[in-house]
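Input: a single structure, listed below in structure tokens.
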Amino acid sequence: MKVIEIEGARQLSGAIRISGAKNATVALIPAAILTDEEATICNVPEITDTDALCDILKQLSVNVNRSTESLVINPQNMKNVEIKEEYSKKLRASYYFMGALLGKFKKVVMHFPGGCSIGARPIDLHLKGFEALGAKVTNEKNKYTVEAKELRGANIYLDIASVGATINIMLAAVKAKGTTIIDNAAKEPEIVNVATFLNLMGAKITGAGTSTIKIEGVDRLGKCFHEVIPDRIEAGTYIIIGALCGHNLKIDNVIPEHIDSLLSKLEELGLHLEIGADYVIVLDSPKELKPTNIKTAVYPGFATDLQQPFTVLLTRANGKSKVEETIWENRFMHVPYLNKLGANITVKNQTAIVQGPTELKGCEVVATDLRAGAAMVAAGLLAEGKTTITNAEHILRGYEQIVEKLKSVGAKIVIKEI
Ligand code: UD1
């Protein structure tokens, strides 16, 4: 098991550069197999989710050439074999191989994907979308077989604007016969990044980033070179850390409009920020912060993935703040550990009430999932004394070189294997 130890309450200054977006990368890697030639992806984050997807590519006999932050993926000799559970369970995004393999071979056999335990996480909308395109879905225990004689464009309305279902349907529809329209599509920047990638290969997708996406099927996809967008959740996490204990902390390589909802909330709390074209500087962290309320929502609303780190910041606000989680039903697993550190938070149904300000004192806590782990790092940096975070491998799934990045701005943090 990996353990992160932090000696907290130190001021952080300097610059942190944001890596490529995890949630774009985990879709781009499976999407790359749709090319009939070769795809190069750069600005790929060195996180364990990237490793897990490359392992699946290798299992499918796809040629992968990986160097620092870039991947050259050549699927010309690939074999459409069953994706084993030991691979798919490592991350939820392995489900993008469903859409990609179905789109390319008209058949896919894989096990239900794994991922963070933050809610029920069904994939019914993905499967309904595949069925609308003409596929037949069968499942035995955890194993899904999705196959079609022919994939035909269709009009698909998503009951929920799901990121995963939107991308997965796009992947399956890109080579289908005719036109597919996805209505009530999710609008996250990662979806736009994936659509751009497919279009660079020769796909015909319009409307990505709006709630109606149109995909005209094409017969073949060619060679392309593509760049992953900066990770808005990683950026948001470090900006929150800056708000907790930063002084002139610059977060570089950011697209500020991707985190508008966070930046407005930070200003509401009373933080002083400088927002540039591709950076945000947390100028200082005032002693007294005002309380505020947040409600997570689909993009461009307040990102659920930033809810957990943001809750740490609310422990510093003077008064009562409310955090409403509307996307995942089990996303308050960080709260008992924040309370163990000294916070005063109560949870009822999908709402947490944070009574601040409270002083946090280091102790042993658990990273129960990826973003809860990020919240523990943020809390450990704020707390007096030593915080030990167990199960830290969750954090490495989504944050490239988190220990090195934080050390470089003055944090006292180490990672150990025990
Ligand atoms: C993606 C992100 C994740 C983020 C989430 C919401 C990736 C790899 N992960 O997850 O970090 O927290 O978006 O912004 O990009 N739902 C169904 N049926 C389905 C699909 C989803 O009911 O078939 C529900 C889910 O249970 C959830 C909601 O829809 O309540 C949103 O899920 P979705 O947008 O699909 O999240 P993911 O794509 O899994």
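Counting begins at 1 with the first residue of the sequence. Heavy atoms only: backbone and side chains are in, while hydrogens, waters and symmetry mates are out. Both counts, for ligands and for their atoms, begin at 1 and track the order of listing.
- Of all the atoms in ligand 1, the ones that sit under 4.0 Å from a non-hydrogen atom of Asp305 are 3 (C), 4 (C), 11 (O), 12 (O).
- Among Tyr96, Trp328, Tyr299, Tyr95, the residue whose heavy atom lies closest to atom 32 (O) of ligand 1 is Trp328.
- A salt bridge links Arg66 with Asp51; the closest basic N to acidic carboxylate O contact falls under 4.0 Å.
- Within the 4.0 Å heavy-atom cutoff, Pro122 counts among the residues contacting ligand 1.
- Put simply, the residue from Glu325, Glu324, Gln307 that forms a side chain to side chain donor-acceptor pair (under 3.5 Å) with Thr296 is Glu325.
- The two residues Cys54 and Leu71 come nearest to each other via the heavy atoms SG-CD2, 3.8 Å.
- Ring orientation note: the planes of Phe197 and His226 are tilted relative to one another, at an angle of 30° to 60°.
- Atoms of ligand 1 found under 4.0 Å from any heavy atom of Arg331 (numbered from 1 in listed order, with element): 12 (O).
- A heavy-atom separation below 4.0 Å is not found between Glu325 and ligand 1.
- Looking at Glu400 and Lys22, no side-chain N of the basic residue comes within less than 4.0 Å of a carboxylate O on the acidic one, giving no salt bridge.
- One option in Asn168, Leu125, Leu158, Asn23 has a heavy atom closer to atom 23 (O) of ligand 1 than any other, and that option is Leu125.
- How far NE2 of His272 is from CG of Leu266: 12.0 Å, rounded to the nearest 0.5 Å.
- Counting the atoms of ligand 1 from 1 in the order shown, those under 4.0 Å from a heavy atom of Gly164 are 35 (O), 38 (O).
- Of all atoms in ligand 1, listed by their number and element, those nearer than 4.0 Å to a heavy atom of Thr304 are 6 (C), 12 (O), 14 (O).
- In terms of heavy-atom proximity, Val81 sits nearest to Gln59 at CG2-O, 3.6 Å.
- Residue contacts with ligand 1: Arg92 is included, with a non-hydrogen atom under 4.0 Å away.
- Only the side chain of Val26 comes within 4.0 Å of ligand 1, counting heavy atoms alone; its backbone N, CA, C and O stay farther away.
- Proximity of Asp124 to ligand 1, defined as any heavy-atom pair under 4.0 Å, is shared by backbone and side chain alike.
- Results of the side chain to side chain donor-acceptor pair (under 3.5 Å) test with Arg331 over Asp305, Thr368, Asp369 single out Asp305 as the only residue that passes.
- With a 4.0 Å heavy-atom cut-off, ligand 1 is reached by the backbone of Ile327 and by its side chain too.
- Residues Glu393 and Thr48 form no side-chain contact, since every pair of their non-hydrogen atoms from C-beta on lies 4.5 Å or further apart.
- Contacts of Val163 with ligand 1, taken as heavy-atom pairs under 4.0 Å, involve both backbone and side chain.
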